2 protein chains.
Amino acid sequence: MKSTIRDVAKYANVSISTVSRVMNAPETVVGEKRAKVQEAIEALQYQPNAFARGLIYKKSDTLGVMIPDIENPYYAGLIRGMQDAAVVLGHTLMICNTDRDKERTVAYVQSFFEKQVDGIVFASDSLHKEYYEVIQRYRLPFILASTNAPEYEIPSVDIDDERGAYEAVTHLIESGHRRIGMICFPLDDTISGRPRYDGFRRALREAGLDGCGACVEYAEHRFEHAYEAADFLFTRCPDLTALFAASDEFAMGAISYLREHGRAVPEHVSVIGFDNIRMAGMFIPKLTTIEQPTYDIGYRSILKLHELITTGAVEVLREKLPHQLIIRESTQPF
Amino acid sequence: MKSTIRDVAKYANVSISTVSRVMNAPETVVGEKRAKVQEAIEALQYQPNAFARGLIYKKSDTLGVMIPDIENPYYAGLIRGMQDAAVVLGHTLMICNTDRDKERTVAYVQSFFEKQVDGIVFASDSLHKEYYEVIQRYRLPFILASTNAPEYEIPSVDIDDERGAYEAVTHLIESGHRRIGMICFPLDDTISGRPRYDGFRRALREAGLDGCGACVEYAEHRFEHAYEAADFLFTRCPDLTALFAASDEFAMGAISYLREHGRAVPEHVSVIGFDNIRMAGMFIPKLTTIEQPTYDIGYRSILKLHELITTGAVEVLREKLPHQLIIRESTQPF
DNA sequence: TTACTGTCTGAAAAGGTTTTCAGAAAACCT
DNA sequence: AGGTTTTCTGAAAACCTTTTCAGACAGTAA
């Protein structure tokens, strides 16, 4: 069926070693033969079998990627950056959607191992002990993208979430707002949960605006949860003039809620998001937000994984990429 | 380093054949030995090498997926459906972002072939001759998801775009609108371009509203293009009361334009989109649109590819999944 | 001429698994 | 007991490639 190196050898009347050489070190085979072999390769549409190769080289040029929720627009840029980096390195990506399901995640790691991926990128979710252990057990090189794990020595690429949140809230404060609420991820989420909350708190504290404990509401990851959270929050603290949402999706959920309850954004309430997903610039009003360089995070994380795989180590362990405040229409001075 | 079947055999004091049997047909090996082998497998963290396996079985349990633009939210549901189907079939997906770049696409097909994917899903882009030929040349089973190719006999899963467009426009007409414009994809796009345009035309024609040739504007795939297109369109035809956008992203672009030029949606202009991407329900106003069952399209397409791979044929060649009109806030009676 | 160097090629081993085949051992039957 | 079947196991071949090794041959130097 598929043609093998043997077929090519027969067709060109040479040994298989010669064919192999033509493919991997053409200069070592004399002109005339080389031409014959190349002709045979062309004629038979020969393409070497990656299984056989992998068996010898012990690597697959394939990288595994684990994403919590592919439907979340935040990941689009991340994946795109990874893809582009993979292309320049000649690698292929296997992308898996974990759904934040432990069993499924572990199963994927096993499958990655069996398929001999050269390494794993674990994106944007807390690195639970189980995950750490199963990846360690198979001795797979891996790095964290858009997340990190203070308790382990794992290379990571992300931003400084605490500082981003701090800057977001500071922007609100500098615009004259004094009563500021927050919708945040659960605090046990050590990546976008706790740090963004801490940044929020620190900004308030440094501005002497402490004691706003009641103005925080928690939500899971999606729009609808933020809508509900906004309901709780504004029912409890109706006099808020500004809101820091821990993600753009939260911001959209909150804005929808506000609008449906007769409060205009930004006229009555200013809302700032986080992430700068693509939709942030399309939403009405366009979202003021903290931009995460998702493309770069994706790109850098693949490069870093490559570095780890080839050199066995990594120059800088925890890489923080710069974020940026993007001012659009959903906030205005008080 | 990694333990092999040999290590396990030595550890358990049996031959490698026995170990292999324990893994693939446990009932053929006697109780006591089986236990010993299983113990060895556990102790050594043995996991068979997919390269060696693939060499024998000539299949990888891996499917290749080609997506034009992963950043486009439309694909999120598609990928998710594919992933879920792949999990139940015990397959892994390799997802590639073609960027609608011909060279890159062809390179991916080659890489897929070399990596011995069992089949390819080609999603949501016109099947150019080059693509068809390269996939054919490698004799890779493949199917089309959310697109189709009338000129080739390739299995496909998608919706009836012409009919969807027809229903969208009919909804506008039934709401009393008479001056209806459209922002559509280029007509040489035979999947979402031509058919949606045809549906638009047919609805107008059947309602006796022909001759609105000037009220159509073309755009590439993204928000910004639609914004511009809306500018052209409403400058030329200022008295339109309704707009059919060939995608939700187009609808959002147009609504942004309208709003920034003092026309409220839906009060002044009704806008209907197409696709029902996740953001459609989060946008303000929430988009009236034609829902594509993207998850199901993804899911079914993997099942269909599996069917093609295992049985060599496919029960129904071109599968049309039902779409649905979703009425929200961006349209209202005239 | 002989000896040596260098270039080019093919045979064979290796990589890790599954599977076929044949043989050993056990179980059954007469 | 002898013969026949059944059950279980291990050796070896096969899958496809790369790479090492040694041999063939041509060219160069003495």
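Since we're looking at a predicted model, the values are computed, not measured. The chains referred to below are lettered A, B, ... by the order of the sequence lines, with proteins before strands, and numbering in each begins at 1. All values below were derived from every heavy atom in this structure, side-chain atoms included, with hydrogens, water molecules and symmetry-related copies excluded.
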Problem set entry | Base-pairing mate for dC25(D) - Watson-Crick or G-U, with both contacts under 3.5 Å |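 Checking every strand shown, dC25(D) finds its partner in dG6(C), with both distances under 3.5 Å.
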Exercise. Is dC29(C) paired to anything, Watson-Crick or G-U wobble with both distances less than 3.5 Å, and if yes, which nucleotide?
Worked result: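 dC29(C) is paired, partner dG2(D).
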For this session: Using a 4.0 Å heavy-atom cut-off across all strands, classify F51(B) as base, sugar-phosphate, or nothing.
Result: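 Answer is nothing: F51(B) stays at 4.0 Å or more from every strand.
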For this session: For S20(B), report the nucleic acid contact type (base, sugar-phosphate, nothing); a contact means any heavy atom under 4.0 Å.
Result: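 Touches a base.
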Residue [X], side-chain atoms from C-beta onward, closest of [options]:
| X | options | result |
| --- | --- | --- |
| T18(A) | dA14(C), dT17(C), dT9(C) | dT9(C) |
| S17(A) | dT18(C), dA11(C), dT17(D) | dA11(C) |
| R21(B) | dT20(C), dG10(C), dT17(C) | dT20(C) |

For this session: Taking only Lys NZ, Arg NE, NH1 and NH2, and the carboxylate oxygens of Asp or Glu, determine whether K2(A) and D7(A) approach each other closer than 4.0 Å.
Result: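 No salt bridge links K2(A) with D7(A).
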Problem set entry | D158(B) with R318(B): basic N within carboxylate O range, under 4.0 Å |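 No salt bridge links D158(B) with R318(B).
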Exercise. When the distance from CG of L55(A) to C1' of dA14(D) is rounded to whole Å, what number comes out?
Worked result: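 Roughly 13 Å, once rounded to whole Å.
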Exercise. Think R53(B) has a side-chain N or O under 4.0 angstrom from the OP1 or OP2 of dT18(C)?
Worked result: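 For dT18(C), OP1/OP2 do have a side-chain N/O of R53(B) under 4.0 Å.
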Problem set entry | Any K58(B) side-chain N or O less than 4.0 Å from OP1/OP2 of dC15(D) |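 Answer is no, no contact under 4.0 Å.
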